[in-house]
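Position 1 is the first residue of the sequence, and the numbers go up from there.
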Amino acid sequence: MSDAPVPLLSHGPPETVLEPEPSEVRAALAAAAESDDPVGAVGAACVRWPLSLEAWAALGEALEASGAVPALAYSAFRTGYHRGLDRLRASGWRGSGYVRWVHESNRGFLRALSGLQRVAARIGETGEAERCAVFLMQLDPGWPPPDAVAGPDAEV
């Protein structure tokens with residue numbers, strides 16, 4: 001244990017805001033949502049832009065909505081979550097601090113983490129679902145925001 005004081009900022013924990021997704025990724029995902037095969041179209045976006053957090057979150061959501069085997073959505077959300085941790089670290093995040101929904105560029109990561117929580121609960125990974133729920137609240141104490149994607153089983 002260290003005797004060094006923990007530096008506290010007068011305005012609260014630091015906040016990380018990810019860089020926005022490229023416009024071509026957003027355009028491809030918008031077109032994929034209107035496609036006759038959204039899973040295939042979003043999957044193609046993941047292949048073309050494998051670092052895109054929006055694409056991995058959208059793939060998980062498309063797989064959930066399609067009724068696919070939950071393990072497929074789980075793997076897409078987990079990929080988005082891990083890619084997101086990499087992007088957060090590259091953006092200066094050091095394992096704590098806010099990553100808020102209010103910043104649109106953070107939403108791909110938060111959607112992937114929220115989707116991972118939902119699907120983990122669905123497949124019986126209760127420990128992981130609980131860890132994801134706590135992490136979401138640590139990242140954004142206002143979680144869930146009213147405009148967050150809630151998944152196909154959410155009550156409206």
[X] side chain vs [Y] backbone, donor-acceptor pair below 3.5 Å:
{"X": "Thr79", "Y": "Ser75", "answer": "yes"}
{"X": "Arg131", "Y": "Gly127", "answer": "yes"}
{"X": "Trp56", "Y": "Pro50", "answer": "yes"}

query: Checking side-chain contact (heavy atoms from CB on, under 4.5 Å) for the pair Ser114/Leu136: CA distance, chi angles, key distance, verdict?
result: CA-CA 7 Å; Ser114 178; Leu136 283 163; 4.1 Å; yes

Of all heavy-atom pairs between [X] and [Y], which one has the smallest distance, and what is that distance?
{"X": "Ala58", "Y": "Leu29", "answer": "CB-CD2, 4.3 Å"}
{"X": "Ala129", "Y": "Ala121", "answer": "CB-N, 3.7 Å"}
{"X": "Gly60", "Y": "Ala73", "answer": "O-CB, 3.6 Å"}
{"X": "Pro145", "Y": "Trp143", "answer": "CD-CE3, 3.2 Å"}
{"X": "Ala57", "Y": "Ala112", "answer": "CB-N, 3.9 Å"}
{"X": "Arg89", "Y": "Arg94", "answer": "O-NH1, 3.2 Å"}

Can you tell if the side chain of [X] reaches within under 4.5 Å of the side chain of [Y], non-hydrogen atoms only?
{"X": "Arg118", "Y": "Cys132", "result": "no"}
{"X": "Leu63", "Y": "Phe77", "result": "no"}
{"X": "Val119", "Y": "Glu64", "result": "yes"}
{"X": "Asp140", "Y": "Val99", "result": "no"}
{"X": "Ser105", "Y": "Val17", "result": "yes"}

Spacing of [X] atom [atom1] and [Y] atom [atom2] [to the nearest 0.5 Å]:
{"X": "His103", "Y": "Tyr98", "atom1": "NE2", "atom2": "OH", "result": "12.0 Å"}
{"X": "His82", "Y": "Leu53", "atom1": "NE2", "atom2": "CG", "result": "12.5 Å"}
{"X": "Asn106", "Y": "Arg87", "atom1": "CG", "atom2": "CZ", "result": "9.5 Å"}
{"X": "Asp147", "Y": "Glu104", "atom1": "CG", "atom2": "CD", "result": "9.5 Å"}
{"X": "Leu59", "Y": "Leu72", "atom1": "CG", "atom2": "CG", "result": "8.5 Å"}

field: side-chain contact (heavy atoms from CB on, under 4.5 Å) between Arg111 and Trp101, worked out
entry: CA-CA 9 Å; Arg111 285 172 42 217; Trp101 179 265; 3.7 Å; yes

- prompt: Phe135 vs Tyr81 aromatic rings, parallel, tilted or perpendicular, using cut-offs 30° and 60°?
  reply: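 Because their plane-to-plane angle is over 60°, the rings of Phe135 and Tyr81 count as perpendicular.
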
Same cluster or not: [X] versus [Y], using hydrophobic residues (I, L, V, M, F, W, Y) connected whenever any side-chain heavy atoms lie under 4.5 Å apart?
{"X": "Val69", "Y": "Tyr74", "result": "no"}
{"X": "Met137", "Y": "Trp93", "result": "yes"}
{"X": "Phe109", "Y": "Val25", "result": "no"}
{"X": "Leu88", "Y": "Trp49", "result": "no"}

query: Does Asp86 pair with Arg83 as a salt bridge, N-O distance under 4.0 Å?
result: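 Here Asp86 does not pair with Arg83 in a salt bridge, since their nearest N and O are not under 4.0 Å apart.
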
Pair Glu54 + Arg107: basic N to acidic O under 4.0 Å: no

task: Please list all pairs passing the side-chain hydrogen bond (donor to acceptor under 3.5 Å, both in side chains) test where one or both residues lie in residues 16-33, with sequence neighbours left out.
output: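 Output for this query lists Glu21-Ser52.
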
